[in-house]
Each structure stands twice: as structure tokens, then as C-alpha cells.
Amino acid sequence: MFGLADCNNFYASCERVFRPELNGRPVVVLSNNDGCIIARSNEAKELGIPMGAPVFKIRDIIEKNNVVVFSSNYALYGDMSHRVMMCLQNFAPEVEVYSIDEAFLHFEGMQLIDLHEYAAKITHTVKRNTGIPLSIGIAHTKTLAKVANHLAKKSKVKSGAFIIADEQQRIEALKNFEIDKIWGVGRQYAKFLKNAGINTALDFTKCNRNWVKKNLTVMGLRMWEELNGMPCHEIEPVPENKKTICTSRSFGNMLENYQTVEEAVSTYAARCGAKLRKQKSTAGVMLVFLHTNRFREDLPQYCKNIVIELPVPTNSTIELVKYAKAGLKAIFKNGFKYKKAGIIVSELAPQTAVQTNLFYEVDHQKHNNLMLVLDKLNNTYGRDTVRLGAQGYSKRWTLRQEQLSPCYTTSFENIMTVKC
DNA sequence: TCTGGGGTCCTAGGACCC
DNA sequence: TCTGGGGTCCTAGGACCC
């Protein structure tokens with residue numbers, strides 16, 4: 001059996017762990033730059049606040065109902081996520097961390113006498129140890145476990161668990177399960193399937209196999225098989241290395257000045273370097289992009305990217321920043337108000353297998369040694385403690401985060417305060 | 001005034017090979 | 001009027017996930 005453990009309203013719940021007086025009150029968490037709603041407590045959902053809504057469009061709901069608003073605090077959520085995942089490791093031989101707030105558990109080889117009891121024990125323990133409420137769905141395939149998890153959340157049973165163990169339960173669960181809630185059915189497929197008269201998960205499982213493959217590709221076919229109880233997706237306890245890495249941000253304010261954009265882009269390149277080194281990869285190709293604010297139809301628009309082939313694959317921040325700056329120089333045009341820029345690195349390869357270039361003069365060993373020290377310092381004392389001059393000091397481009405909570409669990413000062 | 005930031009996989013079609 | 005039969009690799013675009 002597979003279990004899917006999914007934290008309830010994760011970001012909002014993280015904030016509440018350290019502000020227990022907010023229990024029972026509507027809480028929302030915003031995206032970067034305090035732009036959109038990306039997490040809601042149950043009370044906020046009941047007020048009809050939609051997921052993804054730009055916050056300025058629902059300002060009146062927020063004020064009228066005294067909704068508590070937080071900027072996103074990924075240092076906090078990342079650390080809380082880690083605690084939840086560590087706790088889940090104790091309950092199954094194989095655990096796959098699927099996202100910041102979700103994990104698949106594979107109960108392979110376990111003699112589970114009473115699944116309900118065991119699932120309830122998991123949710124209870126995670127809540128007790130971390131403060132985070134959890135729902136868990138258990139079934140014979142990952143896709144069915146996803147369905148079960150949805151039903152666990154919907155039914156609001158105290159244990160937070162829902163189990164699809166036999167054929168009758170499977171049919172019962174799928175009978176009223178809306179097609180667009182299935183894992184793997186997005187907006188386009190939902191529209192297509194509804195047009196074809198397929199409205200529930202059960203309808204879908206009764207479709208002709210070839211028809212499914214023809215119209216929804218092999219992805220759809222796997223979905224169909226999994227919903228019919230035949231596992232296609234295995235558990236992946238060890239995460240694969242990334243094949244592309246992207247660092248991009250919208251700026252807190254629109255930027256016109258070249259120097260300022262260059263500082264931002266250099267910082268994104270440095271961040272890509274750190275991510276590459278973390279998974280022991282080098283990048284062979286870099287893409288730099290830049291664009292104006294597409295929502296401001298009253299302003300002139302500009303959107304451009306450039307692809308740079310690196311002469312020798314690298315993960316050195318010094319080199320990556322150099323190429324990022326060159327790329328930016330090639331695409332930057334004066335006279336526009338820029339809103340967002342980013343770096344995407346690809347053609348990733350293991351850093352142990354770099355094909356060098358006879359005519360390239362960079363001393364890679366020297367760079368590697370330097371990066372090792374740089375990472376060590378920044379991991380210990382905080383991001384960008386040591387950085388390239390190109391990344392700047394002005395911070396005129398940084399995020400807007402007006403409702404940021406303290407990093408309760410990761411900031412040195414906070415931890416000391418709590419202990420005292 | 002204010003609109004997020006990451007990723008993956010699959011397919012069709014074109015260019016090229018023999 | 002008639003125009004072979006295999007392949008591979010690459011890319012853009014479209015779908016999906018959190």
C-alpha cells in the first residue's frame with residue numbers, strides 16, 4: 001500500500017505554530033513581493049478567498065474580516081517541512097519527499113493489522129512533534145492514495161485519514177470524485193474530458209484504454225491504470241538530481257537602471273551556482289531573461305532572453321556571474337521599466353566528469369577550492385555573507401515582504417531568545 | 001500602487017543519416 | 001500517373017505538478 005501524507009494549509013499552519021493565538025482565525029500567506037494568495041487557513045477558505053488571487057483585489061475581504069496576512073517565509077517553511085519529513089521516516093521503510101508539504105509512504109513488507117489505527121497514529125504523532133496538522137490517504141497506487149488524501153481532507157474526520165483498501169471502496173471513492181481533482185488532470189484535460197461526457201474519476205476508469213492513450217498520451221494511460229488499481233508509479237526514496245535549475249524573481253519595484261538589474265542578475269547567477277554545487281553538478285548552458293511588467297499595458301513592453309553556451313561546463317559562481325553579466329549586457333535596452341529577470345542553467349553534468357578545453361585559461365581547481373570555502377561560510381553564517389562585488393550592496397531590487405514573520409527555527413538570534 | 005517561483009515529461013515535426 | 005524504408009537527434013510547444 002501507498003500512503004500520501006499532505007500537510008493541511010501548510011504555510012498558514014507553519015505561521016500558526018508560533019502564533020497559537022491565531023488558531024480559529026482566518027490566516028493567509030502571500031507569494032513573493034506580497035503579490036498573490038498562496039496559502040489559506042480553513043477560516044480564510046470559508047470566507048471565499050480564492051487560491052492565487054492578487055491580494056489587492058481582495059483587500060476589502062481581508063479588512064472586513066480581520067484576516068491575518070503573512071509574507072512568505074521560506075526559511076521557516078523549509079525547516080518545518082524537514083521536521084515533518086523526519087517524523088514521517090519513522091512510519092514506513094520507504095518515504096519519498098514529493099514536495100515541501102507532501103510525502104509518499106510505501107508500506108512495503110509491513111503487516112498492517114489496522115490501517116485506520118496506524119494512519120491515525122501517524123497524523124497524531126506529526127501534530128504532536130511538529131505542531132503541523134496532516135491528512136493521509138492510503139491505497140494500492142499513488143494516484144488512488146492522492147484521491148484518498150483528498151477525501152480525508154474533505155470528510156474532515158478527526159484522524160485525518162482515508163483508506164481505499166478494496167474494490168468496493170475504490171468504486172465508492174471514485175464515483176463522486178470530480179475529474180479535475182485527479183492527479184494528472186489539469187485545466188486542459190479536464191475541459192477535454194468533460195466535453196467528452198466524462199465527469200467523474202469512475203467515468204474515466206471505464207473509458208477505452210486505447211482512446212485514453214490516443215487522447216491523453218501515455219501519461220493519461222498511467223493515470224487510467226493507477227485509478228483502476230494497477231500501480232505504474234514506483235516510490236522514489238532518493239531524489240534525482242535536477243536537469244535544469246532556475247533562479248528568478250520579480251523585483252520589489254520596477255527597475256530602469258542597468259547597474260541595479262545587473263546586481264540582481266549577478267545574485268541569481270550566484271544562487272544558481274550554489275544550487276549546482278549542492279547537487280555536485282556543472283552547467284553547460286545558461287539562459288538569461290529579462291522582461292517588463294506585462295500587467296502594465298500602459299507602459300512599453302520588452303521581453304528578451306539569450307542562450308549562452310559555456311566554453312567549459314562550470315559551477316563556479318565567478319564564472320557564472322561573468323557570463324550572466326555578458327548575457328544581460330546583450331539583451332538590456334534602456335528606456336524600459338523592468339519587473340523580472342532570471343537565470344536558467346541546463347545541460348547539467350556531474351562535476352567529476354567535466355570535459356575541459358585546451359584553450360581555456362580558467363584555473364578550475366582554484367575556483368573549486370574558493371567555492372568550497374564560500375559555501376561553508378554562507379551555510380554557517382547565512383546566505384550572501386560572502387559574495388561577489390557584482391552582486392552589490394544596494395538591495396534596491398529585493399523583494400517586498402511587509403508582513404514577514406521571524407525565522408523562529410533557523411535564525412540564530414531567535415533561537416537564543418527562545419532559549420532564554 | 002499592488003499580479004510567484006520553481007520543476008517534469010511527452011509529442012510532433014524537421015533535419016539529418018544510411 | 002508514378003516517387004522506399006528504415007533510423008536518430010533536436011527543438012518547440014503543450015501538458016502537467018507543487
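Per chain, numbering begins at 1; letters A, B, ... match sequence-line order.
I182(A) comes within contact range of the sugar-phosphate backbone alone, with a heavy-atom separation under 4.0 Å but no base atom that close. Within 4.0 Å of S72(A), counting heavy atoms only, lies no atom of the nucleic acid at all. Within 4.0 Å of R296(A), counting heavy atoms only, lie sugar-phosphate atoms of the nucleic acid but no base atom. Residue contacts shown for V185(A) are limited to sugar-phosphate atoms, with no base heavy atom under 4.0 Å away. Contact annotation for K191(A): no contact, since no heavy-atom pair falls under 4.0 Å across all strands. Across all strands, D34(A) comes closer than 4.0 Å to no nucleic acid atom at all (heavy-atom distances). Nucleic acid contact class of K275(A) (heavy atoms, under 4.0 Å, all strands): sugar-phosphate only.
The side chain of R249(A) lies closest to dG6(B), out of dC9(B), dT3(B), dG6(B). When distances are taken from the side chain of Y189(A) to each of dA15(C), dT3(B), dC2(B), the shortest belongs to dA15(C). Picking from dT8(B), dG4(B), dC17(C) the nucleotide with the shortest atom distance to the side chain of K242(A) gives dT8(B). Nearest nucleotide to the side chain of S31(A), out of dG7(B), dG4(B), dC18(C): dG4(B). Comparing dG7(B), dC18(C), dG5(B) by their closest approach to the side chain of Y98(A) singles out dC18(C). In this structure, of dT3(B), dC18(C), dT8(B), it is dT3(B) that holds the atom nearest to the side chain of C36(A). Of the candidate nucleotides dG4(B), dG7(B), dT1(B), dG7(B) has the atom nearest to the side chain of I245(A). Closest to the side chain of R222(A), from the set dC9(B), dT3(B), dT11(B), is dC9(B). Among the nucleotides dC18(C), dG4(B), dA15(C), the one closest to any side-chain atom of Y74(A) is dG4(B).
S266(A) pairs in a side chain to side chain contact (heavy atoms under 4.5 Å, CB included) with only one of the listed residues (L320(A), I343(A), V321(A)), which is V321(A). Each of I198(A), V185(A), L174(A) was evaluated against F204(A); a single residue qualifies, I198(A), per the side chain to side chain contact (heavy atoms under 4.5 Å, CB included) test.
Between N215(A) atom CG and dC16(C) atom C1' there is a gap of 17 Å when expressed in whole angstrom units. N241(A) has its CG atom 14 Å from the C1' atom of dG7(B), to the nearest Å. Rounded to whole angstrom, the span from the CZ atom of R400(A) across to the C1' atom of dT1(B) amounts to 8 Å. The CD1-P distance, from I37(A) to dC18(C), rounds to 19 Å in whole Å. For the pair L404(A) CG and dG4(B) C1', the computed distance is 15 Å after rounding to whole Å. For the pair H233(A) NE2 and dC16(C) P, the interatomic distance rounds to 14 Å; values are reported in whole Å. Atom pair K340(A):NZ and dT3(B):P shows a separation of 11 Å (rounding to whole Å applied). Between the C1' atom of dA15(C) and the CZ atom of F192(A) lies a distance of 13 Å, rounded to the nearest Å.
Atom CE of M110(A) has more than 12 neighbouring heavy atoms from other residues, nucleotides or ligands inside a 6.0 Å radius.
Within the 4.0 Å cut-off from OP1 or OP2 of dC10(B), not a single side-chain nitrogen or oxygen of K214(A) is found. K243(A) has a side-chain polar atom (N or O) that falls below the 4.0 Å cut-off from OP1 or OP2 of dC9(B).
Using Watson-Crick or G-U wobble geometry with both donor-acceptor distances under 3.5 Å, dC18(B) finds its partner in dG5(C).
A salt bridge is absent between E225(A) and K213(A); no separation between the charged side-chain nitrogens and carboxylate oxygens falls under 4.0 Å. Ion pair E226(A)/K146(A) not flagged as a salt bridge, since none of the NZ, NE, NH1 or NH2 atoms sits closer than 4.0 Å to an Asp/Glu carboxylate oxygen. Of the charged side-chain nitrogens involved, none lies within less than 4.0 Å of a carboxylate oxygen, so that K175(A) and D203(A) do not count as a salt-bridged pair.
Nearest-nucleotide positions on DNA chain B place S248(A) closer to the 5' end than the other of T217(A) and S248(A). Residues T247(A) and R59(A) each lie close to DNA chain B; by heavy-atom proximity, the contact nearer the 5' end of the strand is made by R59(A).
A donor-acceptor contact closer than 3.5 angstrom is absent between the side chains of Q351(A) and T282(A).
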